[in-house]
Amino acid sequence: MAEQQRPTGLGKAADYLDQRTSIGLAVKEFARKVFPDHWSFMLGEIALFSFVVLIASGFFLTMFFEPSMALVRYEGEHPASMHGQLMSAAFHSTVDMSFEVRGGLLMRQIHHWAALIFVASIVVHMFRVFFTGAFRKPREINWLVGAVMLVLALAAGFTGYSLPDDVLSGNGLRIIDGVVKSIPVIGSFTSFLVFGGEFPGEHIVPRLFTLHIFVIPGLLIALIALHLFLMVLQKHTQYPGGGRTDKNVVGYPAMPVYVAKMTGNFFIVAGVLALMGATMSINNVWNYGPYDPSPVSAGTQPDWYILFVDGALRLMPGPGWEWVIGGYTLSMNLLIPALIVPGILFTLLFGWPFLEAKVTGDHREHHVLDRPRNRPVRTAMGVALLVAFVVCALAATNDLIATHFSLDIFAITWVLRVLLFVGPVFAFWLTKRVCLGLQRKDRELVLHGHESGRIVRFANGEYVEVHTPLDEEERWLRVNYDSPAPLEITPLTDARGVRRKGYRSDRRWQKVSRFFYEDRVSPVTPAELEAAHSHGQHDTIEAKEPTGAGSVAGQRRRR
């Protein structure tokens, strides 16, 4: 009789835990979970792994940072130009951490780069979700969770950016103070509440520190857990292809394949961030000095994710847009670019899944993703938003553009003002046209196949080009999609002439639906495909040339 193998220490610990928590069932279920394989799914992983690096590096920095605005005199040896200078304790500890703490500067730079990559990966990941329609039922809640995470990531970045109390962060806080004060009626009171008195006060850095290391990370951790739980619960989306439907998932099991890939990806992301922190200098606060409200800086910009707000503020006309109403100053030159436009943007971001479901009338579950070309208006809206962001980002660097290229800064500003309105509209029109053109090309390929370059001559003198037919998987990819038609509504009056309630609302939604789906290209139907495969005498080509480049399905006449 074979001797029984004695359990290892790890096995005993796992058995002990399983007997008291039944965690083995959960691990077994997760290990069997199937995840589809596609490079774009790593965008969300980059955000997750960047956040892990943020937490680890932030823990190190917290042990050396002093969140205080008390004035102290710098007595450090490096940099020598700042020796004896009066500064806040927050700025002093930042400089001291950079030059006196072993590995402090490296950790600061890793932390800053990780923050930039974290926000960037969230934005790119959400664009991937948006363009492919991964927000549709049943994932509306997960889309909202992701949108809230984006807002928190922006808040985390801004609060961390403001902690060193240098000239850059101080100017950023000054802009925020001006924006808050522009809010009608409650603006001044809100500013006093935030800063603990007149700007800059003595409490803003400790308050930002609490938000940055405690409140926002705690909320992000909770939302990340909820996001991953919903993803596992609802199963992962997958790109269209042969054998992939809304009722299955084609991919690899979580263990060991997917877990091994995620582990490797984590070390790659962490290694790249460490390399960037070691070789790419960023946020050298000693070059700017401690915050002083008297100097006016030029050639400075915030982190990339705040560029659109800074650029919008620069593009907005100045004092002419201020009005005094009832003793209150209404500063539209601040309210419009810094509050109203971002408010509209994020409202649209949160409400898009419900807007699209309403104008489509589609409330089915979707697990297979859209090809962006098959939703022209949605794709065009996303591209238009990107163009608007790029224009605002360029506006935030108008002084650098002027100095580097010897151009007039006022001319640059006026050109960008025009582009802010013309650029997104043109990008929307062009993207929509391109998507419709690609859809028509798909129809052409399905009906006639790929061009082979072979010309066949018939006895009657007619020439035809023999096309290579699509295989089943490629044909499935190009025809298996929905092409929603604009909403149909019931008439204003019934058969007895009685006006029905809600007609005006239905009429408005019908107009919105026409904007989305009036221009559309329907996928090839089986009847159309069968008709394209019937060409009479051309059918003899396949019989006479069995080794030819294609069948009758792909023949196009050329006279």
Side-chain angles (χ1 to χ4, degrees), residues 10-11 13-15 17-18 21-56 114 117-118 120-143 145-146 149-150 153 220-274 365-371 473 476-477:
L10 182 61
D15 186 61
L17 186 63
D18 183 48
T21 62
S22 299
I23 195 173
L25 295 176
V27 172
K28 182 179 180 180
E29 182 66 24
F30 178 77
R32 293 178 175 177
K33 193 74 176 178
V34 175
F35 290 90
D37 190 35
H38 194 271
W39 66 267
S40 65
F41 296 147
M42 189 186 174
L43 297 172
E45 295 180 18
I46 294 176
L48 175 62
F49 301 150
S50 300
F51 183 72
V52 173
V53 175
L54 275 173
I55 295 296
I117 299 300
F118 176 57
S121 54
I122 290 179
V123 171
V124 178
H125 176 64
M126 291 196 70
F127 266 114
R128 196 276 302 173
V129 172
F130 177 82
F131 284 129
T132 59
F135 54 79
R136 294 172 297 173
K137 183 181 179 180
R139 295 175 180 82
E140 301 96 333
I141 296 177
N142 225 1
W143 170 264
V145 170
M149 288 170 59
L150 174 60
L220 280 172
I221 291 173
L223 289 175
I224 288 173
L226 177 60
H227 188 73
L228 295 177
F229 171 76
L230 290 175
M231 183 192 70
V232 174
L233 180 67
Q234 296 168 345
K235 73 183 180 183
H236 208 291
T237 55
Q238 56 187 343
Y239 281 90
R244 300 173 183 178
T245 69
D246 288 329
K247 300 183 181 299
N248 67 356
V249 179
V250 179
Y252 299 98
M255 293 182 66
V257 177
Y258 206 76
V259 171
K261 287 187 175 184
M262 289 185 65
T263 304
N265 291 339
F266 169 73
F267 286 111
I268 291 174
V269 171
V272 170
L273 289 174
E365 287 194 5
H366 294 275
H367 301 289
V368 176
L369 299 173
D370 287 327
R371 300 174 77 199
E473 184 170 350
W476 174 273
L477 177 67

ask   = If you count the non-hydrogen atoms of other residues, nucleotides and ligands that lie under 6.0 Å from CZ in F127, is the total more than 12?
value = yes

task = Quick one: pull up NE2 in H236 and CE in M231 and give me the separation to the nearest 0.5 Å.
result = 5.0 Å

ask   = Rounded to the nearest 0.5 Å, how far apart are CD1 of I55 and CG of L220?
value = 8.0 Å

ask   = Does the R128 side chain pair with the main chain of F41, one donor and one acceptor, at a distance under 3.5 Å?
value = no

Residue among E365, R139, K137 satisfying side-chain contact (heavy atoms from CB on, under 4.5 Å) with Q234 = R139

task = On the 0 to 90° scale, with breaks at 30° and 60°, tag the H227-H125 ring pair as parallel, tilted or perpendicular.
result = perpendicular

task = Look at the side chain of D246 and the backbone N and O of V368, then say whether any donor-acceptor pair between them is shorter than 3.5 Å.
result = yes

key: Euclidean distance, L369 CG relative to H38 NE2, rounded to 0.5 Å   = 9.0 Å

inquiry  = Just to verify, what does D37 make a salt bridge (Lys or Arg N to Asp or Glu O under 4.0 Å) with, not counting sequence neighbours?
reply    = K261

query = Going from CD on Q238 to CG on N248, what distance comes out if it is rounded to the nearest 0.5 angstrom?
reply = 5.5 Å

message = Please identify which of these residues, V145, I141, N142, meets the side-chain contact (heavy atoms from CB on, under 4.5 Å) condition with L226.
response = V145

inquiry  = Nearest 0.5 Å, please: how far is CH2 in W143 from CE in M126?
reply    = 4.0 Å

query = M262: what forms a side-chain contact (heavy atoms from CB on, under 4.5 Å) with it, not counting sequence neighbours?
reply = E45, F49, Y258

ask   = When rounded to the nearest 0.5 angstrom, what is the spacing between CG in L223 and CG in L150?
value = 12.0 Å

inquiry  = Please give me the minimum heavy-atom distance between M149 and I122, naming the atom from each residue.
reply    = O-CD1, 4.4 Å

